[in-house]
Amino acid sequence: MLLVLFFLFFAVILIQFLYYVVFFGKFSFAKPQTSAQKRIPISIIVCAKNEEENVKNFVPILANQNYPDFEIVLIDDASSDETLEIFEGFEKKYANIKLVKVANIEAFWGNKKFALTLGIKAAKNEYLLFTDADCYPTSTEWIKQMSAQFTQKKTIVLGYGAYEKVKNSFLNKLIRYETLLTATQYFGWAKLGKPYMGVGRNLAYKREEFFKTNGFIEHMKLRSGDDDLFINEAASAKNTTICYTPESFTYSKAKTSFKEWFTQKRRHVSTAKHYKSFDRSQLALFFTSQFLFLVLPIVLLTFQYQWIIVVSLIGFRYLFVWISMGFAAGKLKEKDVMYWFPLIELVLIVTQINVFITNTFSKPVHWK
């Protein structure tokens, strides 16, 4: 039995090497991104529900982007606070802002996808750039950088949605490491020609891609997935590219309590089960290998079975993961989380197991 576990552990190390060095490495070890500026008209789409404080601060940042031709489509999804009134004020102040008001409809109550669909149809431009109401771009060059990735064939652009740093907060580092890992995964797979998700905090696509898939119709009943499920359905090796220049990042505030973050993760995991079979399988294999990497060495070292080889494999695994994720962290400006990497990874894996068990027995709540 110990021999079987030993060979299984060796296989786990090999799988991890393939993921971190080969698959994720397509992004981690990629050259810095450069692109030629384009001047295609862009429509920024922002959907908000009860976000009065965020939109008050962030819409002016969007309006002051350094780009020659863009509009901002603000969608108020039946807010019960002052969001609509603030949007109306911005509509009067900025000539390039268009307001879409969404009333409560019983069949689509609380469904962000319905509100986004109305906003997409109201946009005057074919190229759409999405962010959330609680997000803001890191520079005035955001539109320029994201739009520069569009070509005649590349009609979907996956960007990076980061979280603000909070000093002396382990939870913040945990959240940002998970965000870094997720981005490294979907950027790496996109460069391999197998794009499977994007984040609504920073995402762009041509409107024709939306209508090719009949919008969100295949998953309209699911209240989550306006970003990742849509990309999972619409993206391909031919039509998808990525943008990871620092000027293209967006930022938002991370959750400040473990409970809130855990609830957020439950929503994300529940959505992922609706991905295509290949994408579900590769994600499941990656997580299983992560889990077994923690469990198998404990058993083998408890019985001191081939302990020198086992310890060497552990060290080798941490080395190549640290290198791969370190390069990715450098590109995405998240280097500080890598100092805590071994502990963060342990907590993250345990949390993922807890999320899986919890979701098995109850459904998470979506949208607001």
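This one's a predicted model, so the numbers in the text were calculated from it and none came from an experiment.
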* To do: Determine, stepwise, if the pair E178 / K265 fulfils salt bridge (Lys or Arg N to Asp or Glu O under 4.0 Å).
  => CA-CA 10 Å; E178 189 219 5; K265 278 197 60 62; 2.6 Å; yes
May I have the step-by-step check of salt bridge (Lys or Arg N to Asp or Glu O under 4.0 Å) for K165 and D336, ending in yes or no? CA-CA 10 Å; K165 297 180 182 180; D336 63 301; 3.6 Å; yes
- Could you walk me through whether W142 and L129 pass the side-chain contact (heavy atoms from CB on, under 4.5 Å) test, one step at a time? CA-CA 10 Å; W142 173 53; L129 178 55; 3.5 Å; yes
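For the salt bridge (Lys or Arg N to Asp or Glu O under 4.0 Å) condition, the pairs that include at least one residue of residues 300-320, sequence neighbours left out, are R317-E345.
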Residues 347-354 side chain polar contacts: donor-acceptor under 3.5 Å, at least two apart:
unit_1: T351; atom_1: OG1; unit_2: V347; atom_2: O; d: 2.8
unit_1: N354; atom_1: OD1; unit_2: T358; atom_2: OG1; d: 3.4

For residues 302-315, which side-chain donor-acceptor pairs fall under 3.5 Å, sequence neighbours excluded?
unit_1: T302; atom_1: OG1; unit_2: I298; atom_2: O; d: 2.4
unit_1: S312; atom_1: OG; unit_2: I308; atom_2: O; d: 2.8

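Side chains of Y136 and E164: a donor-acceptor N/O pair is present below 3.5 angstrom, by distance only. Side chains of Q145 and Q33: a donor-acceptor N/O pair is absent below 3.5 angstrom, by distance only. Side-chain N/O atoms of S324 and S28 include a donor and acceptor closer than 3.5 Å. Side-chain atoms of T155 and E209 include a donor-acceptor pair closer than 3.5 Å. D228 and Y196 share no side-chain donor-acceptor pair at under 3.5 Å. No donor-acceptor contact under 3.5 angstrom links the side chains of Q149 and T241, judged on distance only.
Of the candidates F341, Y339, W340, W322 forms a ring-ring contact (aromatic ring centres under 6.0 Å, His included) with just one, namely F341.
Ring pair F210/F216 is perpendicular by interplanar angle, where above 60° counts as perpendicular and below 30° as parallel. F187 and Y244 have tilted rings, their planes meeting at an angle from 30° to 60° on a 0 to 90° scale.
Residues satisfying the salt bridge (charged side-chain N to carboxylate O under 4.0 Å, His left out) test with E88, not counting sequence neighbours, are K101. The side chain to side chain contact (heavy atoms under 4.5 Å, CB included) check on F17 picks up V21, F316, F320, with sequence neighbours excluded. For K144, the side chain to side chain contact (heavy atoms under 4.5 Å, CB included) partners two or more places apart in sequence, or in a different chain, are Q37, N66, Y67, E141. Qualifying ring-ring contact (aromatic ring centres under 6.0 Å, His included) partners for F262, counting only residues two or more places apart in sequence or in other chains: none. The ring-ring contact (aromatic ring centres under 6.0 Å, His included) test applied to F29 returns F327, not counting sequence neighbours. Not counting sequence neighbours, the partners of K98 by the salt bridge (charged side-chain N to carboxylate O under 4.0 Å, His left out) test are E71. Under the salt bridge (charged side-chain N to carboxylate O under 4.0 Å, His left out) criterion, D132 pairs with K112, not counting sequence neighbours. With sequence neighbours excluded, the residues satisfying ring-ring contact (aromatic ring centres under 6.0 Å, His included) with F24 are Y19, Y20, F286. With sequence neighbours excluded, the residues forming a side chain to side chain contact (heavy atoms under 4.5 Å, CB included) with Y163 are I175, R176, T179, R201, S252, A254, Q264, listed by chain and number.
Counted within 6.0 Å of CZ on F170, heavy atoms from surrounding residues, nucleotides or ligands total more than 12; the atom is thus considered enclosed. In the displayed structure, F287 atom CZ is contacted under 6.0 Å by more than 12 heavy atoms of other residues, nucleotides or ligands.
Figure legend: cation-pi geometry between K206 and F150 absent, as NZ or CZ is not positioned both under 6.0 Å from the six-membered ring centre and within 45° of its axis.
For the pair K191 (side chain) and G25 (backbone), a donor-acceptor distance under 3.5 Å is absent.
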